[in-house]
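Reading through the structure tokens given below for one structure.
Note that the numbering runs from 1 along the sequence shown for the chain.
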Amino acid sequence: NVPGIPDAKENPPKLFDLTALQKEANKRYGMSAQVTLDNLQALYERKYVTYPRTDSCHITSADVPATKTLMQNLAHILCNSVNVPENLDFLVGDVTDHGALLVTQTFLDNFRTAQFKNDYERNILRLIMCRMLCSISPARIFEETKVTGLCEGYAFSGSGTKDIELGWKAVEKYLLGKDDIKEDDKDKSGKKRNVFPADLQESKTVYSNSTEIMVRDTKPPKAYTEAELLALMEKAGKEDFSDEDGIRASELEAEFAEMDGWEAESNAASLLNGLGVDTEYHYYQMADLDGNLKVKVLLARALFGNPDIL
């Protein structure tokens with residue numbers, strides 16, 4: 001038995017970039033990456049969020065004063081228990097063209113009266129606001145215990161945790177509730193955590209009331225969710241990218257290439273332009289287009305897959 005290690009930390013998450021938001025929206029609400037992007041774009045056009053197609057989870061030093069005011073206003077509206085730090089320089093990092101995803105002051109000014117087209121927009125804003133407040137909250141402090149037990153010469157091991165201070169996790173649970181995945185009940189590898197007896201001591205003998213041998217069939221791995229695929233794409237080329245990840249990624253890349261995925265966006269744009277749908281309308285919602293443009297978009301959709309009937 002390895003005694004509990006006190007004061008282990010889980011630091012607060014970084015602000016959202018587009019991919020991180022798409023993963024979280026898929027995990028919590030089952031939203032596809034495209035649905036997330038489409039609705040995020042609609043919110044951006046109404047000036048409710050900052051630029052959506054960002055690959056940065058940081059802000060620039062020049063953005064710190066405005067971001068601090070934004071955080072203070074957001075905390076006042078959603079969660080007064082969040083104390084905005086005096087110094088937000090820890091949010092500053094490399095930014096290429098656009099900073100991390102944030103809600104805007106325009107949205108906060110209209111928080112009570114803002115109109116939403118669907119629940120997707122509400123969920124996206126809820127995630128972004130929650131992540132903003134979590135990012136400036138204290139780390140989660142917990143005690144982790146790893147146990148190894150011997151039974152008839154075989155070693156069995158497990159781990160368990162006990163929260164000391166919830167930190168940013170308390171903010172997340174308050175604003176979003178506990179998600180269906182129940183991350184707090186799983187360890188870093190995704191396995192269910194064990195619940196150990198409160199009086200467990202090193203070298204203590206524990207007796208089993210019953211023993212059962214179970215025979216089960218192995219199951220094939222589950223299909224990747226969009227959130228897992230996005231995470232796999234982010235890991236590509238990094239140190240923790242396993243051989244299994246590489247094989248799966250190459251299979252996905254082959255399937256993607258067979259469907260002309262690399263050229264799909266440019267092909268779709270060319271087709272729409274050829275039918276008289278100007279580029280400025282390409283990211284509009286169908287509901288926002290007039291009847292003439294809707295017919296052209298529907299025609300483009302029918303032509304895009306090169307149907308056999310042609």
Side-chain angles (χ1 to χ4, degrees), residues 12-25 28-29 31 35-93 95-138 168-177 280-289:
K14 295 179 180 178
L15 295 168
F16 277 133
D17 60 14
L18 174 59
T19 303
L21 175 63
Q22 288 172 318
K23 287 193 295 184
E24 190 69 13
R28 285 189 177 271
Y29 304 118
M31 296 166 59
V35 166
T36 300
L37 176 57
D38 289 345
N39 285 276
L40 189 61
Q41 179 71 28
L43 292 169
Y44 170 68
E45 290 168 2
R46 302 209 297 282
K47 296 182 172 56
Y48 284 180
V49 297
T50 54
Y51 187 75
R53 295 171 182 266
T54 178
D55 60 356
S56 177
C57 53
H58 299 102
I59 60 173
T60 65
S61 56
D63 292 330
V64 169
T67 302
K68 182 177 180 181
T69 301
L70 195 65
M71 293 286 193
Q72 290 171 334
N73 293 339
L74 180 59
H76 177 71
I77 292 172
L78 288 186
C79 190
N80 274 320
S81 62
V82 174
N83 295 315
V84 179
E86 282 298 318
N87 190 336
L88 293 184
D89 286 345
F90 59 89
L91 296 178
V92 175
V95 175
T96 49
D97 296 320
H98 300 280
L101 278 167
L102 306 171
V103 298
T104 64
Q105 188 59 50
T106 299
F107 170 68
L108 295 185
D109 289 342
N110 297 278
F111 184 80
R112 305 297 178 189
T113 58
Q115 299 295 312
F116 303 107
K117 296 178 180 178
N118 51 51
D119 285 340
Y120 294 141
E121 292 186 350
R122 290 187 183 87
N123 290 338
I124 287 171
L125 286 167
R126 187 179 294 121
L127 288 175
I128 295 174
M129 290 188 291
C130 177
R131 180 56 63 92
M132 288 172 64
L133 294 182
C134 285
S135 71
I136 61 171
S137 298
W168 66 270
K169 275 286 187 182
V171 178
E172 183 181 64
K173 288 180 180 179
Y174 175 73
L175 295 178
L176 297 180
E280 64 180 295
Y281 297 111
H282 289 189
Y283 294 103
Y284 274 45
Q285 298 291 307
M286 283 289 282
D288 298 332
L289 300 176

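- Within a 6.0 Å sphere centred on CD of Q115, other residues, nucleotides and ligands contribute 12 heavy atoms or fewer.
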Notebook entry, point to check: Could you go step by step and tell me if T106 and R46 meet the side chain to side chain contact (heavy atoms under 4.5 Å, CB included) rule?
Noted result: CA-CA 9 Å; T106 299; R46 302 209 297 282; over 6 Å; no
Next item on the list: Please step through side chain to side chain contact (heavy atoms under 4.5 Å, CB included) for the pair L18 and L40, ending with a clear verdict.
Entry: CA-CA 9 Å; L18 174 59; L40 189 61; 3.8 Å; yes
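- Across C134 and P12, no two heavy atoms sit closer than the pair O-CB, 3.2 Å.
- Here R122 contributes atom CZ and L127 contributes atom CG; the two are 14.0 Å apart, rounded to the nearest 0.5 Å.
- The minimum heavy-atom distance linking I59 with L15 is given by the pair CG2-CD1, 4.1 Å.
- In this structure, D17 contributes its side chain and A20 its backbone to a donor-acceptor pair below 3.5 Å.
- The closest side-chain heavy-atom distance from N73 to D109 is not below 4.5 Å.
- Across every non-hydrogen atom of L108 and V103, the tightest pair is CD2-CG2, 4.3 Å.
- Here the closest non-hydrogen pair linking L133 and C79 is CD1-CB, 4.2 Å.
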Next item on the list: Might you work through the side chain to side chain contact (heavy atoms under 4.5 Å, CB included) test for I77 and M129, ending with a clear yes or no?
Entry: CA-CA 11 Å; I77 292 172; M129 290 188 291; over 6 Å; no
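- Here the closest heavy-atom approach between residue F90 and residue S135 is recorded as CE1-O, 3.4 Å.
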Next item on the list: Could you check R126 against L175 for side chain to side chain contact (heavy atoms under 4.5 Å, CB included), going step by step and ending with a plain yes or no?
Entry: CA-CA 8 Å; R126 187 179 294 121; L175 295 178; 5.8 Å; no
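- The minimum heavy-atom distance linking A25 with T36 is given by the pair CB-OG1, 3.5 Å.
- Legend: ring pair (Phe, Tyr, Trp, His ring centres under 6.0 Å) pairs involving residues 111-133, not counting sequence neighbours, sorted by first then second residue: F107-F111.
- Atom CE of M31 and atom CG of D119 lie 9.5 Å apart (nearest 0.5 Å).
- Heavy-atom contacts from other residues, nucleotides or ligands closer than 6.0 Å to OH of Y281 number 12 or fewer.
- Between atom CG of residue L101 and atom OH of residue Y44 there is a gap of 11.0 Å, rounded to the nearest 0.5 Å.
- To the nearest 0.5 Å, atoms OG1 (T69) and CD (Q105) are separated by 8.0 Å.
- Remark: K14 engages C57, H58 in a side chain to side chain contact (heavy atoms under 4.5 Å, CB included) (not counting sequence neighbours).
- Listed by chain and residue number, Y51 satisfy the ring-ring contact (aromatic ring centres under 6.0 Å, His included) test with H98 (two or more places apart in sequence, or in another chain).
- Taking a 6.0 Å sphere around NZ of K117, one finds it holds more than 12 heavy atoms contributed by other residues, nucleotides or ligands.
- Within a 6.0 Å radius of NE2 in H282, more than 12 heavy atoms belonging to other residues, nucleotides or ligands are found.
- Side-chain atoms of Q285 come within 3.5 Å of backbone N or O of D38 as a donor-acceptor pair.
- Here CG of D89 is found 10.0 Å from NZ of K68. Values are rounded to the nearest 0.5 Å.
- Judged purely by atom type and a 3.5 angstrom limit, N118 uses its side chain to pair as donor or acceptor with the backbone of E121.
- Between atom CG of residue L74 and atom CD1 of residue I136 there is a gap of 8.0 Å, rounded to the nearest 0.5 Å.
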